There are 2 protein chains.
Amino acid sequence: MKPKLTLKQIARELDVSISTVSKALRDSSEIGEDTRQKIKAFAKLYNYRPNNIALSLKNRKTKTIGIIIPEIVHYFFTTVISGVEQVANEKGYNVIVCLSNNSFDKEVLNLELLANGSTDGFILSMAKETMQKEDYHHLTEVINQGMPVVLFDRVVDQIHCDKVIIDDVIGAKKAVQYLVDKGAKKIGLVSTVDYVSVGKLRTRGYLEVLRDNNVEVDEDLILKIEDMDNSETEIKEFIDKNDVDAVFAVNEHFAIHAIKAIQEKGLKVPEDVSVIGFTDGELSKRFIPSLTTVSQHGERMGAEAARLLIDKLERKPEEEESYKTVIVETSLVERNSTKS
Amino acid sequence: MKPKLTLKQIARELDVSISTVSKALRDSSEIGEDTRQKIKAFAKLYNYRPNNIALSLKNRKTKTIGIIIPEIVHYFFTTVISGVEQVANEKGYNVIVCLSNNSFDKEVLNLELLANGSTDGFILSMAKETMQKEDYHHLTEVINQGMPVVLFDRVVDQIHCDKVIIDDVIGAKKAVQYLVDKGAKKIGLVSTVDYVSVGKLRTRGYLEVLRDNNVEVDEDLILKIEDMDNSETEIKEFIDKNDVDAVFAVNEHFAIHAIKAIQEKGLKVPEDVSVIGFTDGELSKRFIPSLTTVSQHGERMGAEAARLLIDKLERKPEEEESYKTVIVETSLVERNSTKS
DNA sequence: TTTCAACACTCAAACGTTTGCGGAAAATAG
DNA sequence: CTATTTTCCGCAAACGTTTGAGTGTTGAAA
């Protein structure tokens, strides 16, 4: 068990000063050719690697970025992480992942912890509880300390920072318009309650398409799920009660519950009823019938977020502050839950 | 933009020395009651938080653990992370996640990077490429430096360290025995090639059950998938060609491909053919029919791994070295892809 | 021989902490 | 009133780096 080589040990071993070693390894012209070679050879032989922590302290930057998400056991978030990780690694950054479990307190805790030197900046999607409380002081505080933050997916206007979002409204419109184009007349919507921003936006897209196509909105055909744990039975009742020829669901789970309910009602997907989901996850691909969905391109979102963050981190301080919001386009992936 | 309070600034502001501030904040009895109160009040008012990096350097420990996995867009791994994160957080540790993308080189790179001071220890599941190459020098080197490592899921005997695995053989036996008990006579196996250790072990479980029940092994009923990308068609051909009354698949995807193929052949699941998968993911729960599977309890594995690692990290140096392998039991989750 | 530049290297401070030790002032004892 | 203890605080080193300033030696020019 050899306890990790330091500059000091090399210096002692080779009978030079620490600074000589440091400079030699960094190819400074201050050091004579032969000592330089000698030191480099020694370092190589014993596989010297500078200590990251010491470097972080000295440079006042850690080269790591923190990503805080509500939960990790969720396809969309993992694709985002994947995207972040990819560009972060490319640019020499590490990624440290924290989970808020959708709890406000844990989000605050994580943020505080990482803000004390552990990371140079954050990529974050807000916890559900945070959005309900509308308490963002932990975020504004971190931003005030000069730490760059990029919000994605679940964002909020009150916070001034870079953001990466998808065109929820447009995405929903693409989906619903697609259904209309295929001849659907009575399109059901399975959404979430309105304080979940994505639910609200996707609902808006749904309404806009109906309006654009002069279809009257039937409030009975709109279901807003309050309690996720109870979504299956709620959806079943909704489908049983209403007579629809198409369903637009704001996520995968709602979509497959709808399909299940439709099938149990004795109808067929897509022959009798078409179904479109949102979020292109594992489930959509593998389900039978496979789901036509609006793909959110999580990986691309993560990559964009990482790029925004790193840009800000490596920006010269003289450049002036400016916040961007990049919108990642959604796309409709046609599969077997809709008529072709 | 206030640039983060340090001890030095507090000291200057209150006209005392840095050490006085430090000691006061740590409630040292060396400091007089009134100055102590004054300093603590000031620190609280301006929300002082010690700099983690400086602490890490001083204490020579970072209170973060690294987890390196082959890919994150994979249900099992996310549950493991979730488990790790939970107990790590409980004990005041951070988790930094790196992906090897199943590449040997990236695994080495990540390991080296994190080993240079960024983390106190590792939790790791090996990249496929690493297992093929059988080159573990990067791991042994890190271990030799005195950095604790816990391997999980994809482990290897050559490396001496703590390990967390599942009882692959027993899990497979549970599944296959279950099929036998339900009256299956011709049980197909859909597995992977043998250098993937889990494939090999699960195959062994399958064989043992057949032997224990005096069923003759029919090599035609065993499919070993080489190329994941081509698994769907391979499985379809396999099902079309062979007449089975049950299928045991070593993962979710193989299981649903089998179901799909069976259905396309005009047979019904579970009435005509029962199917059991391995790995209890999103897909198993949501698929129609939902899958009977062997659950791997990833979260529990992650938690165990984290506990092992932290134990080792906080162990007194005088205690002697010893490596444990904990086996996390699998359990059979009965759903609708098997006859009840 | 003196003067000065070039060279090769070392010193010391800094990043933000913690902590053993030493020291001055105040309190107590003799 | 001196001697000793106690109280309270500052100094400095340490963790592992980087880097500007400083120092000593050499060789060549004047």
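We name chains A, B, ... by the order of the sequence lines, and we start the count at 1 in each one. Predicted model, so just to flag it, every value in this text is computed and none were measured.
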> Taking CG from A/Asp15 and P from C/dC9, how many angstroms apart are they, rounded to a whole number?
Replying inline: 12 Å
>> For A/Ser19, give me all partners under side-chain hydrogen bond (donor to acceptor under 3.5 Å, both in side chains), at least two apart in sequence or on another chain.
In response: A/Ser17
>> Holding to ring pair (Phe, Tyr, Trp, His ring centres under 6.0 Å), I want the full list of residues that pass it with A/Tyr136, two or more places apart in sequence or in another chain.
In response: none
> For A/Gln9 and A/Glu13, does a side-chain donor sit closer than 3.5 Å to a side-chain acceptor?
Replying inline: no
> Sequence neighbours excluded, which residues qualify as side-chain hydrogen bond (donor to acceptor under 3.5 Å, both in side chains) partners of B/Asn116?
Replying inline: A/Lys4
> Who are the side-chain hydrogen bond (donor to acceptor under 3.5 Å, both in side chains) partners of A/Asp105, not counting sequence neighbours?
Replying inline: none
> Nearest-Å distance, CG (B/Leu7) to P (C/dT19)?
Replying inline: 12 Å
>> Can you say whether a donor on the side chain of B/Ser17 sits under 3.5 Å from an acceptor on the base of D/dC9, or the other way round?
In response: no
> Looking at DNA chain C, which of residues 36-63 of chain A put a heavy atom within less than 4.0 Å of it?
Replying inline: A/Leu57, A/Lys58, A/Arg60
> In whole Å, what is the span from the NZ atom of A/Lys8 to the C1' atom of D/dT18?
Replying inline: 15 Å
> Phosphate oxygens OP1/OP2 of C/dC9: is one of them under 4.0 Å from a side-chain N or O of A/Thr35?
Replying inline: yes
>> Expected output is a numbered-order residue list: members of residues 26-33 of chain B with a heavy atom under 4.0 Å from any atom of DNA chain C. What is it?
In response: B/Arg26, B/Glu30
> Between atom CG in B/Asp34 and atom P in D/dT7, what is the gap in whole Å?
Replying inline: 14 Å
>> Distance check needed: D/dG16 C1' versus A/Leu5 CG, whole Å only.
In response: 12 Å
> Between A/Glu141 and A/Gln145, is any side-chain donor less than 3.5 angstrom from a side-chain acceptor?
Replying inline: no
> Any donor-acceptor pair under 3.5 Å between the side chain of B/Lys23 and the base of C/dG20?
Replying inline: yes
> Looking across every strand, which nucleic acid part, if any, lies under 4.0 Å from A/Ser22 by heavy atom: base, sugar-phosphate, or nothing?
Replying inline: base
Which donor-acceptor pairs under 3.5 Å do the side chains of residues 88-101 of chain B make with protein atoms, sequence neighbours left out?
| from | atom 1 | to | atom 2 | distance (Å) |
| --- | --- | --- | --- | --- |
| B/Tyr93 | OH | B/Glu314 | OE2 | 2.9 |
| B/Ser100 | OG | B/Ile69 | O | 3.4 |
| B/Ser100 | OG | B/Asn102 | N | 3.3 |

>> Among residues at least two apart in sequence or on other chains, which ones pass side-chain hydrogen bond (donor to acceptor under 3.5 Å, both in side chains) with A/His138?
In response: A/Glu107
> Tell me the ring-ring contact (aromatic ring centres under 6.0 Å, His included) pairs involving residues 32-59 of chain B, sequence neighbours left out?
Replying inline: B/Phe42-B/Tyr46
